[in-house]
Colleague: 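The structure under discussion is supplied below as structure tokens; questions concerning it will follow.
Order of the sequence lines sets the chain letters (A, B, ...), proteins ahead of strands, with each chain counted from 1.
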Protein chains: 2
Amino acid sequence: MRFNTVTIKDIAKALGLSTSTISRALRGGYEISEETKKIVTAYAEKINYHPNPIALSLKERRSYSIGIVVCEIANNFYSQAIDGMESVAYTAGYNVTITQSHERFDREVLNVEHLASRSVDGLLISLSSESSDVSYLKNLHNQGLPIVLFDRVTDEIDTHKVIADNFKGAFDATEYLIQLGHKKISHFTSSAHLSVTGERLEGYKAALKKYDIPFNTDYIKYCELGGSNQEEIDKATKEILALKECPDAIFFAQDKLSAGCLHAIKKIAPDYFSGIKIAGFTNSTVVDLFNPPITAIRQPAFEMGQAAMELLIQLIESKKPVTEFETRVLHTELIINNPNQ
Amino acid sequence: MRFNTVTIKDIAKALGLSTSTISRALRGGYEISEETKKIVTAYAEKINYHPNPIALSLKERRSYSIGIVVCEIANNFYSQAIDGMESVAYTAGYNVTITQSHERFDREVLNVEHLASRSVDGLLISLSSESSDVSYLKNLHNQGLPIVLFDRVTDEIDTHKVIADNFKGAFDATEYLIQLGHKKISHFTSSAHLSVTGERLEGYKAALKKYDIPFNTDYIKYCELGGSNQEEIDKATKEILALKECPDAIFFAQDKLSAGCLHAIKKIAPDYFSGIKIAGFTNSTVVDLFNPPITAIRQPAFEMGQAAMELLIQLIESKKPVTEFETRVLHTELIINNPNQ
DNA sequence: ATTGTTGTCGGGAACGATTGCGTGAATATT
DNA sequence: AATATTCACGCAATCGTTCCCGACAACAAT
């Protein structure tokens with residue numbers, strides 16, 4: 001720490017040995033006698049010596065720290081994923097630096113470059129809803145920075161990826177709504193160039209098709225800002241409520257959209273509340289307490305975080321350059337929340 | 001980064017100058033001619049030179065990074081506070097490393113020591129519910145590590161603190177419940193040695209006293225694990241439901257407790273749902289969608305984060321040792337959520 | 001012509017740790 | 001007894017950067 005930071009030199013001076021001897025004794029070099037080792041380790045223990053990680057980073061050209069970029073930590077999916085990442089990282093001796101893009105491209109770039117320049121050993125990233133151009137990431141990746149993408153991925157970068165089975169999750173949820181008797185199912189989703197948006201939309205479409213329900217573009221609402229802007233959601237909500245064939249169910253692609261839309265309905269057309277059925281992607285632990293209840297498509301966020309971190313560390317610690325990449329697809333779970341009582 | 005990391009030496013070699021000249025030219029040293037400066041900066045720009053922050057940290061004995069320790073980022077209060085901290089830190093040129101204690105003392109110590117050894121310039125911490133002994137923190141603080149406490153603080157350490165007006169928040173919420181006609185008000189809270197626990201309990205007591213309602217210890221439930229363990233909450237819930245004077249309102253000191261208790265009631269005694277009135281500390285943006293609705297005591301989390309970070313940076317950048325410390329108390333807000341419709 | 005300024009720049013130590021190489025002594029080998 | 005081997009340790013370079021001391025011009029002042 002800042003004050004009396006005790007270094008290897010202090011030990012050397014106190015014991016009348018050279019710094020190299022101390023260094024080797026501490027890390028068990030074969031060339032140091034057992035006796036000296038004992039003296040050194042005992043003294044190091046006594047004065048509470050810890051090697052300076054900054055100096056090590058400079059020398060070894062690595063930091064044993066890993067950068068994480070998500071759009072919002074205040075989203076259960078991401079905070080659970082981060083928990084998974086942390087659990088793997090800590091046992092492997094890495095620490096993590098978490099940053100948020102707040103769904104903004106410029107913040108994402110800033111964060112990534114900051115992390116890269118601070119010599120993180122690798123990067124775990126889920127793209128912001130504004131990120132259509134990922135060339136800045138590609139450059140970094142080409143320069144040799146190990147990157148693993150999760151959740152919101154891109155084909156532009158050839159590396160490991162960890163995603164949920166968004167197609168099937170969306171399909172299951174839509175099918176569930178259909179089986180309840182709904183045919184007029186709206187779909188609220190986020191920015192069109194996000195990988196998850198496309199996959200979830202396709203799952204929705206496939207379920208409709210299976211039950212011969214025509215696909216109606218009026219029912220699809222893209223909220224570019226992914227729920228961070230309530231006005232955008234209000235507008236979309238008004239639009240679907242104004243349709244002559246007003247939907248009787250909504251399928252949400254994002255956690256924040258469902259909450260935002262419920263707020264909008266409550267504000268705009270509170271009497272509409274009782275009839276509507278809602279399903280959506282969310283990892284919230286409290287949606288079962290909602291009124292109306294929300295049927296949840298739950299992603300294995302913790303496991304996704306674990307998998308992503310495992311793949312990244314594998315990449316970092318690989319001796320030879322890795323050229324074979326895998327995309328892990330984890331299953332979602334449909335959690336049906338019936339009305340209270 | 002890891003590969004062709006371009007250093008000051010490369011520039012020196014390419015331009016036939018010494019590293020010292022480059023260094024000075026880049027940071028505008030007075031001793032370098034304008035002409036040379038131009039050449040150097042132009043070339044640095046061209047090959048995309050960025051000073052190595054690791055080397056700087058080693059030299060300057062500071063890292064321009066700040067450590068944050070909270071119990072859970074998956075808690076709206078903390079994630080909002082972190083947003084506030086980030087906003088201040090980034091404009092001041094610092095970056096932050098976020099860690100979680102998961103309400104465990106050992107994790108907290110591990111995180112703090114890791115951060116300290118990685119030479120963070122300062123620490124922002126909200127204590128875990130298990131942390132009664134803070135001597136490890138005190139030691140670090142005495143060694144010169146700047147620390148600002150927020151939310152869950154301790155008297156043991158003499159430094160800046162940022163807290164919410166927990167007493168008044170609890171008082172207001174309890175008074176609100178009383179004014180609705182409730183007299184049998186239970187209080188669920190977390191670990192007894194947390195600062196917020198005491199302050200909120202006192203506020204609750206004061207409101208009871210004002211309205212001449214006797215204080216009943218049977219109504220007070222300490223959940224030591226602060227809501228991270230559902231069984232603990234189930235047990236407490238069963239106990240209050242089994243009382244002959246069963247409470248008709250509950251005041252929660254923690255976000256997770258209210259959700260946990262609602263889950264418990266739903267499971268144990270679903271018919272009890274309609275009558276009960278609930279108020280609690282929470283920064284969730286969705287409690288208004290709950291059934292039953294929850295009246296929320298909202299802390300200015302973002303502002304608390306900002307204030308804490310400002311005080312910390314002030315501490316870090318102060319030339320002379322700071323001996324006068326302040327405790328900032330920010331006001332809470334009571335948000336009344338009526339039943340739907 | 002000598003000394004003093006000023007303007008530009010380079011040499012090299014330092015931050016804390018690791019590590020290849022060298023060295024001297026003790027011991028083993030022939 | 002002479003040489004080889006092993007043991008235990010020190011020297012110094014290295015990572016990228018800053019900064020204290022010079023150094024050496026050109027020019028002004030004496």
Colleague: Hey, does L17(A) reach any base, or is it just sugar-phosphate, or nothing, if we go heavy atoms under 4.0 Å?
Modeller: sugar-phosphate
Colleague: As a test of understanding, state which of L123(A), V69(A), T154(A), L145(A) forms a side-chain contact (heavy atoms from CB on, under 4.5 Å) with L137(A).
Modeller: L123(A)
Colleague: Just to verify, what does E317(B) make a side-chain hydrogen bond (donor to acceptor under 3.5 Å, both in side chains) with, not counting sequence neighbours?
Modeller: Y94(B)
Colleague: Would you find a donor on one side and an acceptor on the other, under 3.5 Å apart, between the side chain of K37(A) and the backbone of G29(A)?
Modeller: yes
Colleague: What verdict does the side chain to side chain donor-acceptor pair (under 3.5 Å) test give for Y136(A) and E108(A), after you've listed the backbone C-alpha separation in whole Å, the side-chain angles of each residue and the deciding distance to 0.1 Å?
Modeller: CA-CA 10 Å; Y136(A) 79 99; E108(A) 179 179 299; 2.5 Å; yes
Colleague: Shoot me the first and last contacting nucleotide of DNA chain C against chain B, ordered 5' to 3', at under 4.0 angstrom to non-hydrogen atoms.
Modeller: dT8(C) to dG16(C)
Colleague: Please report the interatomic distance CD1(I54(B)) to CZ(R61(A)), rounded to the nearest 0.5 Å.
Modeller: 11.5 Å
Colleague: Anything under 3.5 Å between a protein N or O and an N or O of nucleotides 4-8 of chain D, put it in a table, one pair a line.
Modeller:
none

Colleague: Is K38(A) paired with E35(A) through a side-chain N to carboxylate O contact shorter than 4.0 Å?
Modeller: no
Colleague: Run the side-chain hydrogen bond (donor to acceptor under 3.5 Å, both in side chains) test against E72(B) and tell me which residues pass, sequence neighbours left out.
Modeller: H102(B)
Colleague: At a cut-off of 3.5 Å, list every protein nitrogen or oxygen paired with a nitrogen or oxygen from nucleotides 13-18 of chain D, distance to 0.1 Å.
Modeller:
{"residue": "dT14(D)", "atom": "O2", "partner": "K59(A)", "partner atom": "NZ", "Å": "3.2"}
{"residue": "dC15(D)", "atom": "OP2", "partner": "K9(B)", "partner atom": "NZ", "Å": "3.3"}
{"residue": "dC15(D)", "atom": "O3'", "partner": "R61(A)", "partner atom": "NH2", "Å": "3.4"}
{"residue": "dG16(D)", "atom": "OP1", "partner": "R61(A)", "partner atom": "NH2", "Å": "2.9"}
{"residue": "dT17(D)", "atom": "OP1", "partner": "Y49(B)", "partner atom": "OH", "Å": "2.8"}
{"residue": "dT17(D)", "atom": "OP1", "partner": "N52(B)", "partner atom": "N", "Å": "2.9"}
{"residue": "dT17(D)", "atom": "OP2", "partner": "I8(B)", "partner atom": "N", "Å": "2.6"}
{"residue": "dT18(D)", "atom": "OP1", "partner": "R27(B)", "partner atom": "NE", "Å": "2.8"}
{"residue": "dT18(D)", "atom": "OP1", "partner": "R27(B)", "partner atom": "NH2", "Å": "2.5"}
{"residue": "dT18(D)", "atom": "OP2", "partner": "S23(B)", "partner atom": "OG", "Å": "2.6"}
{"residue": "dT18(D)", "atom": "O2", "partner": "K59(B)", "partner atom": "NZ", "Å": "3.4"}

Colleague: Set out, line by line, the N/O atom pairs under 3.5 Å between protein and nucleotides 26-28 of chain D.
Modeller:
none

Colleague: Regarding Y78(A) and D151(A), do their side chains bring together a donor and an acceptor under 3.5 Å, going by distance alone?
Modeller: yes
Colleague: If you measure only the distance, is there a donor-acceptor pair under 3.5 Å linking the side chains of E103(B) and S228(B)?
Modeller: no
Colleague: Given V88(B), which of L311(B), L312(B), I313(B) fulfils the side-chain contact (heavy atoms from CB on, under 4.5 Å) condition?
Modeller: I313(B)
Colleague: Counting distance only, does the side-chain N/O of S195(B) pair as donor-acceptor with the main-chain N or O of V153(B) below 3.5 Å?
Modeller: yes
